[in-house]
Amino acid sequence: MHITVVGTGYVGLVTGVGLATIGHRVTCLDIDKEKVTRLQSGEVPIYEPGLAELMREKMAQELLTFTTNAQEAYARGKVVFIAVGTPSNPDGSANLTYITQVCAEIGMYARQDMIVVTKSTVPVGTNDYIKETIERHLCSDVAISMASNPEFLREGSGVHDFFQGDRIVIGTADEPTAGVLEELFKPLEIPIFKTDIRSAEMIKYASNAFLATKISFINEISNICEKLHANIEDVAAGMGLDKRIGSQFLKAGIGYGGSCFPKDTDALVQIAGNVKHDFQLLKAVIEVNNKQQTSLVQKAKQLMDLSGKRIAMLGLAFKPNTDDMREAPSLVIADQLLTEGADVVAYDPQAKENAKLLLPHIQYVGSIDEAISEADAVFLVTEWDEIKQYPLEQYVELMRQPVIFDGRNCFELERVRQYALDYYSIGRVPVLRRQISV
Ligand SMILES: NC(=O)c1ccc[n+]([C@@H]2O[C@H](COP(=O)([O-])OP(=O)(O)OC[C@H]3O[C@@H](n4cnc5c(N)ncnc54)[C@H](O)[C@@H]3O)[C@@H](O)[C@H]2O)c1
Ligand SMILES: O=c1ccn([C@@H]2O[C@H](COP(=O)(O)OP(=O)(O)O[C@H]3O[C@H](CO)[C@@H](O)[C@H](O)[C@H]3O)[C@@H](O)[C@H]2O)c(=O)[nH]1
């Protein structure tokens with residue numbers, strides 16, 4: 001089947017490569033000329049494990065092409081997947097500017113009956129708006145059929161999630177359209193859940209809001225554990241054994257970040273507000289998360305004067321295995337440290353270049369060794385494997401004072417106790433070698 005994917009970001013690129021891998025002929029369209037030039041030369045502009053190899057293979061088999069030519073791309077695709085960004089407006093609602101532009105272009109260039117599938121995360125009711133807007137711009141006598149197909153991939157495991165997802169949601173009012181999409185996804189052998197368009201749109205927001213709620217819940221429990229000297233890792237493990245609760249997304253830390261949870265929880269509060277529903281629970285989830293992102297520096301401030309101190313930050317990306325810095329907790333932590341007058345030295349295996357654009361006032365180095373050398377304290381911000389596997393004796397060896405504030409509970413307390421370290425983590429008792437006097 002000929003498919004056009006609009007937008008070659010984290011979602012569009014993974015989708016395009018994935019659909020080509022299951023045998024479809026895919027044209028990926030983007031307005032970003034530089035990005036498309038890089039893609040055409042076989043270079044993946046984002047860090048997403050496993051994507052580059054697969055992309056080059058499908059390009060070589062002529063199943064996957066990249067273009068900035070909208071006319072050509074829309075003329076080719078019988079099925080068009082929209083995967084452009086839907087960022088936040090200042091009031092938290094979803095910004096549909098890119099979606100609207102795409103609709104106008106589809107209307108202008110559609111030359112055959114077309115199925116338009118919305119993968120971008122859009123507020124409930126937006127697919128009606130997309131159809132109307134496309135039809136308003138139509139220049140040919142063609143029929144547009146709509147479907148919502150929300151995306152659930154996680155950054156850093158996008159390729160895995162494309163092939164091993166838990167479900168594919170197809171929302172459409174049109175049975176033949178559902179049939180075409182079922183056939184299109186069939187080789188993946190992933191359970192397909194069919195519903196109406198509005199429910200599909202809501203499934204996406206409700207899923208992200210629920211996962212965010214789990215995280216804020218466990219973070220609140222971790223804050224209470226700290227005060228009562230219980231261990232959050234054991235508490236989460238014990239809770240997770242109950243199949244009704246499940247063990248995933250119960251990892252306490254410095255709060256959630258990324259391009260989705262913060263934006264989508266804000267948008268859902270707005271969506272609810274538009275129909276005069278005060279989504280109190282979700283507002284609290286957001287508030288807890290904002291506070292949690294500041295908790296590690298608050299803890300440090302109670303223990304030491306950060307002014308003039310050399311502070312190492314290990315990890316900057318919002319999670320491991322990605323270079324994405326959107327809404328990363330590191331942004332909040334770095335800002336707080338700078339406000340306290342600290343000299344911040346940071347290391348991240350992949351996110352350095354993106355971080356430099358958002359955090360121009362900190363120093364960047366190329367290794368953990370360099371970051372922690374002569375440091376007065378270390379903040380562990382992203383749990384990359386490289387950071388989790390780094391030998392603890394090196395902190396003792398290289399730091400001016402071996403003080404670690406671990407925002408991701410990277411190490412077992414028993415292990416830390418074997419080293420001359422002062423170690424503060426989330427929801428667990430501190431490991432203290434001695435009283436800090438700084
Ligand atoms: N990032 C994720 O993990 C993830 C997961 C699930 C759902 N989503 C949702 O998917 C959507 C895309 O997210 P993303 O992170 O891939 O975004 P992104 O910002 O990484 O990529 C969007 C791409 O769309 C392109 N674009 C904008 N206007 C265009 C136009 N008129 N024609 C062609 N291309 C255009 C941009 O140049 C950019 O390359 C969002 O709605 C997001 O909420 C994201
Ligand atoms: O137990 C946990 C799990 C995650 N996080 C944090 O939550 C954020 C989001 O993590 P994750 O969900 O793994 O990454 P995303 O790539 O943002 O994926 C989420 O957002 C996507 C965009 O909508 C959805 O498609 C995915 O299903 C959804 O998991 C990160 O900052 C994590 O550090 C925690 O603090 N504790």
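Whatever order the structure lists them in is the order used to number ligands and atoms, beginning at 1. For the numbers below, each heavy atom of this structure counts, side chains included, while hydrogens, waters and symmetry mates do not. From a predicted model like this one, the values you see are computed outputs, not experimental measurements.
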Within the structure, is a non-hydrogen atom of [X] found at a distance of less than 4.0 Å from ligand 2?
X: Lys204; value: yes
X: Gly253; value: no
X: Thr121; value: no

Legend entry - Heteroatom distance test (Thr121, ligand 1): nitrogen or oxygen, under 3.5 angstrom: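 Yes: some nitrogen or oxygen of Thr121 is under 3.5 Å from one in ligand 1.
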Inset, instruction - Among all protein heavy atoms, pick the one closest to atom 33 (O) of ligand 2 and tell me residue, atom and distance. - result: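 Residue, atom and distance for the closest contact: Arg408 NH1, 3.3 Å.
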Inset, instruction - Around atom 11 (P) of ligand 2, find the nearest protein heavy atom and jot down its residue, atom name and distance. - result: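 For this ligand atom, the closest protein heavy atom is Lys319 NZ, 3.6 Å.
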Inset, instruction - Nearest heavy atom to atom 19 (C) of ligand 2 wins, so pick from Tyr256, Phe261, Phe152, Phe318. - result: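 Residue with the shortest heavy-atom distance to the ligand atom: Phe261.
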Inset, instruction - Compare Tyr205, Tyr10, Phe249 and give the one whose heavy atom is closest to atom 12 (O) of ligand 2. - result: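 The nearest heavy atom belongs to Phe249.
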Legend entry - Any Arg326 heavy atom less than 4.0 Å from ligand 1: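 Per 4.0 Å heavy-atom rule, Arg326 contacts ligand 1.
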Inset, instruction - Would you mind telling me if ligand 1 is within reach of the side chain of Glu48, the backbone, both or neither, using heavy atoms under 4.0 Å? - result: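 It is neither part, as no heavy atom is under 4.0 Å.
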Legend entry - Side-chain heavy-atom pair Phe152, Pro150 within 4.5 angstrom cut-off: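 Yes, side chains in contact.
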Legend entry - Distance-only donor-acceptor check, side chains Ser207 and Arg167, under 3.5 Å: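 Ser207 vs Arg167: donor-acceptor pair found between side chains.
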